[in-house]
Amino acid sequence: MQQAATTLRPPASGTATRLRGGSGGDVVFEWMCRVAGVFVLILLGAIIIELFIGALPAFRQFGLAFVWTELWDPVADQYGALVPIYGTVVTAVLAIILAVPVAFGIAFFLTELAPDWLRRPVGTAVELLAAVPSIIYGMWGFFVIVPVMAQVVQPAVIDTLGELPLIGFLFAGPPFGTGILTAALILAIMIIPVVAATMRDVFSTVPPVFKESAYGLGATRWEVMWNIVLPYTSKSVVGGIMLGLGRALGETLAVTFVIGNANRVTTTLFGPGNTIASLVALEFGEAGAGSLKLSALLALGFILFVLSFIVLAISRLLLRPSAKGASA
Amino acid sequence: MSATLAGMPPKDDATAVRLGRRRDRTDKVMTGLAIVSTVLGLVFLVSILFTLFWRGLQAMGPTVFTEVTKPPGSGGGLLNAIVGSIIQVGIGTVIGTPVGILVGTYLAEYSRGSRLGEAVRFVSDVLLSAPSILIGLFVYQLLVLPFGGFSGIAGAAALAIIIIPIVVRTTEDMLQLIPNTLREAVMGLGSPKWKMITLICYRSVMSGLITGVLLGIARIAGETAPLLFTSLGNLTWSVNLSQAMSSLPLTIYAYAGSPYEDWVSLAWTGALIITVSVLLLNIIARVVLRKS
């Protein structure tokens, strides 16, 4: 016993009493940890309160109608949030629709199809794609994707889908290359690695015996994925998708570069628009301290906070319990 | 599709063969689509890297690292932006890391099962994915407006807030990996809990903690939106923390949107520097973790 204590103790420390005599240190350390934990709670509370305080003048001036007013007119000092809210929701939802099938394909490939030697490098590459800063996506989107959209994709789509009777209006308008669809595309590329990595992680929690049973009955790999793995992990998969949605809602720089920045609601997907984040980033510089405009921008921030908090909270609730149950 | 697993056995050989062919075809098509998806993801990564190197190397040279930003047409480099980034990321990391490690320690070692612990874990995870632009607006309200101006310290504070939840997550995950028998062994020798945590637990997962911090640095080094509202950016040399301070992402943002050829070129060079640094940090973090 004494022997063991001596070997564990760092060389500099003296007698056994020194090792034991730390009840004061225990109290201090536990409280440091607890205070830090409470600090995180306070941080979230402070963010909500500060944003709300800043938004108060705008909410007082425009009331709840702020949320569904389309007008955004800095000259007349009249502000409404409808355009950026519309742009935020439409780009984020479109991005999810574009990203989820690709992310699922990547996760399927990484968990069931890829040979062992390929798993790690491809998995790492996907994670690196997630690590690229958002401003880089913005620049790359603006200088690489926008010209492709303007010269190839959009003219082709306008000539084909744009001629269709019921959905044609979605693809009307001149092919600028920027706009809602381009923003959604860049967002999709940004969230593919996030969603793919989450899916891969939850897919790998499926107990091998389930999959082996299905394979033993003669199921193909796709059948194992679709009938065994996906039903087993569906809750977490939805959680992962919500996580991607949360990312897409608040993305700033990548969108600012490519969305075209116009403060009106457009029904065509090629039209320019704005998201909450891109509008705040763009117009913040022209909003003086104490101005109504600044308050309107902070009100937009508050709305974005509520939106993304709800989405992220749902995502966490879906991801947690099944992850716990599956880890056994 | 689902008929194959749960459905009735086929009536005759011909049906069985047809069914088998169809299942085989579905499997092949889906496998093909999965491979296409993966290739697509890799193409995006390669395209981004290729564009960065191709356009970023054009203005690359020693002056990028030795000269400050200058008006269009007169050359100049990115020295002030690089130094500003290092200062703000450095201070943000130094402030945020200890807080994050303490919170992660609380979650893993003290909170087990408690309501407060659940709440802290939930809020920290939400903050992990919260839009960084909101952190910027928050710090603007908290540190910029009341103290009369944009400042490097406000930028560092915003980055510190962003790095905290990243460090919390890795710290908790790493501490959870330690077998309880190790804790019991140390406690059984009469060690106080805080020494058990700091001398034994931290040490046994040190590489994991370092990984978390490296990933956190990689994340905040590329953050642009929060700095827009806090340190604003500065096109002249300034290391004064109470004044607006330059940083690489903000300079890239300002230059990439400018109409001047040489500024756009320099923006690409900055983008190359920041991306290579961030990806290298990520790779180093993985190597550190794998070595352990």
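Letters go in sequence order (proteins before strands), and every chain restarts at 1. Bear in mind the structure is a predicted one, so any value in this text is a computation, not a measurement.
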Review point. If you count heavy-atom pairs under 4.5 Å with chain B, which of A:M32, A:E112, A:E251 comes out on top?
Key: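 Max contact count across the listed options: A:M32.
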Practice item. Tell me, out of B:S129, B:A119, B:G117, B:G41, who's got the most heavy-atom pairs with chain A below 4.5 Å. Key: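 Top option by heavy-atom pairs under 4.5 Å: B:S129.
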Study note, to complete from the structure: Max heavy-atom pairs within cutoff under 4.5 Å with chain A, candidates B:L42, B:T31, B:T105, goes to B:T31
Taking all non-hydrogen atoms of both residues into account, name the closest pair between [X] and [Y] and its distance.
X      : Y      : result
B:A34  : A:L113 : CB-CD1, 3.7 Å
A:P101 : B:S37  : O-OG, 4.2 Å
A:L312 : B:V126 : CD1-O, 3.7 Å
A:G37  : B:V103 : N-CG2, 3.8 Å
A:A281 : B:I133 : N-CD1, 4.3 Å

Point to revise | Distance, nearest 0.5 Å, that separates CG of B:L228 from CG of A:L282 | key: 9.0 Å
Practice item. Check side chain to side chain contact (heavy atoms under 4.5 Å, CB included) between B:Q141 and all other residues, then give those that pass, not counting sequence neighbours. Key: A:E50, A:L298, B:L145
Check your understanding: For A:T256 and B:Y253, what are the C-alpha separation, side-chain angles and deciding distance, and is it a side-chain contact (heavy atoms from CB on, under 4.5 Å)?
Key -> CA-CA 10 Å; A:T256 310; B:Y253 180 51; 3.7 Å; yes
Which region of [X], side chain (C-beta onward) or backbone (N, CA, C, O), has a non-hydrogen atom less than 4.5 Å from a non-hydrogen atom of chain B, or is it both or neither?
X      : result
A:F104 : neither
A:I47  : both
A:Y137 : side chain
A:L304 : both
A:I276 : neither
A:T220 : both
A:L243 : side chain
A:A46  : both
A:V144 : side chain

Check your understanding: Should the pair B:W194 and A:F29 be assigned to parallel (<30°), tilted (30 to 60°) or perpendicular (>60°) ring geometry?
Key -> tilted
**Study point:** Structural part of B:L45 lying under 4.5 Å from a heavy atom of chain A
**Key:**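 Answer is both: backbone and side chain atoms of B:L45 are under 4.5 Å from chain A.
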Exercise for review: Walk me through it: do B:R23 and A:E223 pass the test salt bridge (Lys or Arg N to Asp or Glu O under 4.0 Å)?
Suggested key: CA-CA 8 Å; B:R23 290 176 51 201; A:E223 284 164 352; 2.7 Å; yes
Check your understanding: Can you tell me if CZ on B:R112 sees more than 12 non-hydrogen neighbours from other groups inside 6.0 Å?
Key -> yes
